[in-house]
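Below is one structure, written out as structure tokens, with a few remarks after it.
Chain A is the first sequence line, chain B the second, and so forth, proteins listed ahead of strands; every chain is numbered from 1.
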Amino acid sequence: MIETNSRAPRLGKRLTREFFARSVHRVAPELIGATMLFEGAGGVIVEVEAYHHTDPAAHSYNGPTPRNLVMFGPPGFAYVYRSYGIHWCANVVCGAEGVGSAVLLRAVEPTSGIERMRARRGVDDARLLAGGPGRLTQALGITDAHHGAELRRPPFALSIAERGVEVVTSTRIGISRALERPWRYTLSGSTFVSRPRPRA
DNA sequence: CTCTTGATCTTCT
DNA sequence: GAAGATCAAGAGC
């Protein structure tokens with residue numbers, strides 16, 4: 001399904017805490033087209049997934065644990081977890097404090113600090129620099145050291161696109177529960193997503 | 001191009 | 001003890 005996120009209430013404006021305090025299902029599509037930098041490296045967010053606290057696929061589904069505690073904290077902070085023992089994956093906490101919802105950052109189209117991203121990743125192809133949640137954190141240099149950090153403050157820099165963009169919804173990647181929920185959001189036509197263009 | 005498998009370790013059962 | 005919001009390399013077509 002394709003829609004435009006032009007109704008985003010804060011297009012072109014600096015992100016506020018209220019931006020993240022809304023439903024994860026409203027925040028997620030509005031992050032598509034936003035620019036995300038970490039210590040100056042990063043680019044345009046082209047793929048995210050929403051994880052709601054009532055969602056069996058969400059880490060927060062069974063309530064707070066030491067790992068997911070940040071998800072239950074205030075919105076706008078980073079939930080960083082270890083994936084498959086190897087990678088780091090980064091989320092943005094959304095919704096009211098205590099709810100336990102977050103948006104997984106899955107792919108960025110590189111626009112800034114590309115050489116640093118290449119050095120960290122060890123590859124040249126721009127589509128392989130930050131296309132995938134593990135690749136994204138490695139390219140930008142995000143680790144568990146930034147777990148619980150606020151996305152509105154350095155070294156993060158996040159800004160919503162000046163204009164609305166076409167957003168495609170599809171099913172999420174790599175999960176084994178709640179497979180049918182269409183909570184993956186990608187920038188329409190982008191070749192920088194973690195997997196080929198989702199079937200619309 | 002697609003499919004399969006190994007790496008590696010924290011969390012939860 | 002198994003599973004997991006992943007990735008890269010290798011085999012096969």
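Atoms CH2 (A:Trp88) and P (B:dT8) sit 15 Å apart, rounded to a whole Å. When the C1' atom of B:dT11 is taken as reference, atom NE2 of A:His59 falls 10 Å away, rounded to whole Å. Distance A:Arg172 CZ to C:dG4 C1': 14 Å, rounded to the nearest Å. Spacing between atom CD of A:Glu180 and atom P of C:dA5 amounts to 15 Å, rounded to whole angstrom units.
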Assess the residue pair A:Thr186 and A:Glu47 against the criterion (side chain to side chain donor-acceptor pair (under 3.5 Å)); give the C-alpha distance rounded to whole Å, side-chain angles, the decisive distance to 0.1 Å, and a yes or no.
CA-CA 4 Å; A:Thr186 55; A:Glu47 177 182 351; over 6 Å; no
Counting only pairs under 3.5 Å, give me each side-chain donor-acceptor contact of residues 94-102 of chain A, with atom names and distances, residues two or more places apart or in other chains.
from     : atom 1 : to      : atom 2 : distance (Å)
A:Ser101 : OG     : A:His53 : N      : 3.2
A:Ser101 : OG     : A:His53 : ND1    : 3.4

Which letters describe nucleotides 6-13 of chain C, given B = protein heavy atom under 4.0 Å from base, S = only from sugar-phosphate, - = neither?
BSS-----
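Of the candidates A:Asn5, A:Ile2, A:Leu187, A:Ile2 is the only one forming a side-chain contact (heavy atoms from CB on, under 4.5 Å) with A:Glu166. Remark: of the listed residues A:Glu109, A:Gln138, A:Met117, A:Met117 is the sole one forming a side-chain contact (heavy atoms from CB on, under 4.5 Å) with A:Leu129.
In this structure, A:Arg22 satisfies the cation-pi test against A:Phe19, with its NZ or CZ atom closer than 6.0 Å to the six-membered ring centre and inside 45 degrees of the ring normal. By the 6.0 Å and 45° rule, A:Arg172 stacks over the aromatic ring of A:Tyr51.
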Nucleotide-level pairing of DNA chain C, given in dot-bracket where Watson-Crick and G-U pairs need both distances under 3.5 Å and | marks other strands:
||||.|||||||.
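Here the two rings, on A:Tyr81 and A:Tyr79, have centers that are under 6.0 Å apart.
A:Arg67 comes within 4.0 angstrom of the backbone, heavy atoms only, and of no base.
A distance-only check finds no donor-acceptor pair linking the side chain of A:Ser194 to the backbone of A:Ala107 [under 3.5 Å].
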